[in-house]
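Read through the structure below, which is laid out as structure tokens, and then see the notes.
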Amino acid sequence: MEGNLSPDAITSNLETRFIGQRVIYYSRLTSTNEVAKQEAQAGAVEGTVVIAGKQTMGKGRRKRVWLSPKGNIALSVILYPDIAKLPSLIMLASLAVVRSIKAVTGLVAQIKWPNDVLINGKKVCGILIESNMLGDTVDYAVIGIGVNVNLSPSDFPEISSTATSLSNELGGEVSLLGLIRRLLVEIERLYLALLAGGTIYEEWRDGLVTLGKEVRVASGKTIYEGMAESVARDGSLLLRCSDGSLSKIVAGNVITYD
Ligand code: BT5
């Protein structure tokens with residue numbers, strides 16, 4: 001299946017204007033985000049995509065490891081948005097993943113605040129957005145997306161109880177190429193909607209599995225506990241604590257109780 005993963009196969013008749021019109025493919029790479037950042041610094045055209053057949057040093061948030069063996073999607077998209085659009089990129093990425101999983105496999109995925117996509121409560125995708133600022137302007141943003149496509153979670157004890165893959169859910173292999181191409185189309189649709197002043201906040205909020213649940217959130221060194229009441233338009237989680245106060249949490253890890 002990986003034999004089909006050439007830049008030409010990905011870009012051929014791809015129905016996008018700029019996302020994925022330039023693809024840089026490596027069969028093996030440390031991290032697509034790292035290479036995408038270098039490409040962006042060197043002035044890569046907007047929409048350039050870096051894809052790896054497998055990553056040897058895939059990154060999660062806060063230096064966590066992202067397992068990225070062959071058969072998975074590991075890609076990074078280079079964008080040059082204005083600063084007001086930055087908080088929406090996490091919404092854009094997770095919605096694009098949910099939409100493309102649905103379109104290609106029929107599976108219904110949900111979003112766990114802030115950056116996980118789950119199927120049946122298990123993580124099928126992780127998203128890492130990195131950006132560089134020059135004063136008040138965005139120098140570049142890189143959206144890194146890792147999807148477990150044809151992975152057998154039981155082969156990876158570190159994640160076997162918390163992760164799933166599309167093949168695991170479907171009981172059969174899924175076309176990597178088909179999913180990548182659809183993902184690029186969905187990313188562009190959502191990005192164009194954002195550029196046109198549209199909002200993708202409502203669709204993202206409505207897809208969140210976290211809301212309405214009692215949660216424990218680790219954010220930096222602080223632990224918050226309470227009811228995940230809502231999310232703000234900038235993507236922050238609004239948590240109703242037991243004393244009635246409302247905490248606005250910009251980034252964190254959620255543990256759900258129910
Ligand atoms: C993430 O971090 O979920 C962001 C992952 C982003 C990966 C993409 S792949 C393309 C691009 N290039 C990169 O180098 N990175 C991006 P976080 O929320 O910190 O979650 C990390 C945690 O997820 C780990 O500590 C594990 O517990 C778990 N994990 C690791 N690999 C996994 C996998 N393949 N499937 C499910 N869970 C995994």
Side-chain angles (χ1 to χ4, degrees), residues 1 15-16 19-20 60 66-69 71-75 77 88-129 143-154 156 159-194 198-215 217 227-231 233 235 237 253-258:
M1 190 162 293
E15 288 178 353
T16 64
I19 302 285
W66 180 257
L67 297 172
S68 195
N72 271 8
I73 288 179
L75 64 77
V77 183
S88 301
L89 296 187
I90 187 77
M91 306 178 196
L92 177 157
S94 45
L95 282 176
V97 170
V98 170
R99 285 183 181 185
S100 46
I101 287 177
K102 179 81 173 63
V104 172
T105 68
L107 292 167
V108 176
Q110 288 164 319
I111 304 166
K112 178 180 165 197
W113 184 88
N115 70 323
D116 292 348
V117 179
L118 312 179
I119 297 180
N120 292 324
K122 296 199 167 168
K123 184 159 169 170
V124 71
C125 161
I127 296 159
L128 178 66
I129 302 202
I143 300 182
I145 300 178
V147 186
N148 297 333
V149 183
N150 297 309
L151 165 133
S152 175
S154 57
F156 300 91
I159 55 164
S160 57
S161 62
T162 53
T164 190
S165 68
L166 300 180
S167 62
N168 192 46
E169 296 295 322
L170 284 175
E173 284 217 347
V174 173
S175 160
L176 266 186
L177 184 61
L179 191 62
I180 289 170
R181 285 167 57 90
R182 185 61 189 237
L183 187 53
L184 298 176
V185 167
E186 296 295 349
I187 290 172
E188 181 167 291
R189 275 189 194 151
L190 288 157
Y191 191 56
L192 289 177
L194 265 187
T199 171
I200 57 176
Y201 158 79
E202 283 85 4
E203 186 181 344
W204 177 72
R205 180 196 59 201
D206 295 346
L208 281 172
V209 74
T210 315
L211 299 186
K213 294 197 168 152
E214 287 292 331
V215 296
V217 187
M227 167 71 79
E229 198 165 279
S230 188
V231 277
R233 286 188 173 268
L237 181 67
N253 268 334
V254 171
I255 301 163
T256 319
Y257 289 131
D258 53 6

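Every value quoted in this text rests on a predicted model; they were computed, and no experiment measured them.
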Open item on the list: Contact between L179 and L166 at the side-chain level, heavy atoms closer than 4.5 Å - yes or no?
Closed with: yes
- [ ] Kindly compute the distance separating CD1 (I90) from CD1 (I143), expressed to the nearest 0.5 Å.
- [x] 8.5 Å
Task: Distance-minimising heavy-atom pair for I145 and A93 - done: CD1-CB, 4.3 Å
- [ ] List in chain and number order the residues that pass side-chain hydrogen bond (donor to acceptor under 3.5 Å, both in side chains) with T162, two or more places apart in sequence or in another chain; answer none if no residue qualifies.
- [x] none
TODO: Decide yes or no on side-chain contact (heavy atoms from CB on, under 4.5 Å) for V104 and S175, but give the supporting numbers first.
DONE: CA-CA 8 Å; V104 172; S175 160; 5.7 Å; no
Open item on the list: I'd like to know if the side chain of Y201 and the backbone of V231 have a donor-acceptor N/O pair within less than 3.5 Å.
Closed with: yes
Open item on the list: Just to verify, what does S100 make a side-chain hydrogen bond (donor to acceptor under 3.5 Å, both in side chains) with, not counting sequence neighbours?
Closed with: none
Task: Under the salt bridge (charged side-chain N to carboxylate O under 4.0 Å, His left out) test, residues paired with K123 that sit two or more places apart - done: D116
- [ ] Determine, stepwise, if the pair L107 / V124 fulfils side-chain contact (heavy atoms from CB on, under 4.5 Å).
- [x] CA-CA 11 Å; L107 292 167; V124 71; over 6 Å; no
Task: Side-chain heavy atoms of N168 within contact of N148, under 4.5 Å - done: no
Task: Contact summary for L184 and G20, nearest pair of heavy atoms - done: CD1-CA, 4.0 Å
Task: Check: P69 and L151 side chains under 4.5 Å, non-hydrogen atoms - done: yes
- [ ] Output all residues satisfying salt bridge (charged side-chain N to carboxylate O under 4.0 Å, His left out) with E229, sequence neighbours left out; order by chain, then residue number.
- [x] R240
- [ ] Check T199 against R233 and note the closest heavy-atom contact, atom names and distance.
- [x] OG1-NH1, 3.6 Å
Task: From NZ (K112) to SG (C125), nearest 0.5 Å - done: 13.0 Å
Open item on the list: Ignoring hydrogens, what is the shortest heavy-atom contact between I119 and I101? Give both atom names and the distance.
Closed with: CD1-CG2, 4.3 Å
Task: For L190 against A96, the heavy-atom pair lying closest together - done: CD1-N, 3.6 Å
- [ ] Please round to the nearest 0.5 Å and tell me the distance separating atom CD of E203 and atom CG of L92.
- [x] 10.5 Å
Open item on the list: So, taking the atom named CD1 in I19 and the one named CG in L192, what distance separates them when rounded to the nearest 0.5 Å?
Closed with: 7.5 Å
Task: S167 side-chain N/O to V174 backbone N/O, donor-acceptor pair under 3.5 Å - done: no
TODO: Evaluate the side-chain proximity of Q110 to V98: yes if any heavy-atom separation is below 4.5 Å, no if none is.
DONE: no
Task: Distance (rounded to the nearest 0.5 Å) between L75 CG and I187 CD1 - done: 6.0 Å
- [ ] Nearest 0.5 Å please: distance from the CD1 atom of I73 over to the OG atom of S165.
- [x] 12.0 Å
Open item on the list: Please find the pair of heavy atoms, one from W113 and one from V217, that lie closest to each other, and give the distance.
Closed with: CZ3-CG1, 4.2 Å
Open item on the list: What I'd like to find out is whether the side chain of L128 reaches to under 4.5 Å of the side chain of N115, using heavy atoms alone.
Closed with: no
TODO: Would you mind reporting whether I159 and P153 have side-chain heavy atoms less than 4.5 Å apart?
DONE: no
Open item on the list: What I'd like to find out is whether the side chain of L95 reaches to under 4.5 Å of the side chain of I111, using heavy atoms alone.
Closed with: yes
- [ ] Only counting residues at least two apart or in another chain, list the ones meeting side-chain hydrogen bond (donor to acceptor under 3.5 Å, both in side chains) with R182.
- [x] E186
TODO: Could you tell me which residues satisfy side-chain hydrogen bond (donor to acceptor under 3.5 Å, both in side chains) with E169, sequence neighbours excluded, listed by chain and number?
DONE: N120, T164
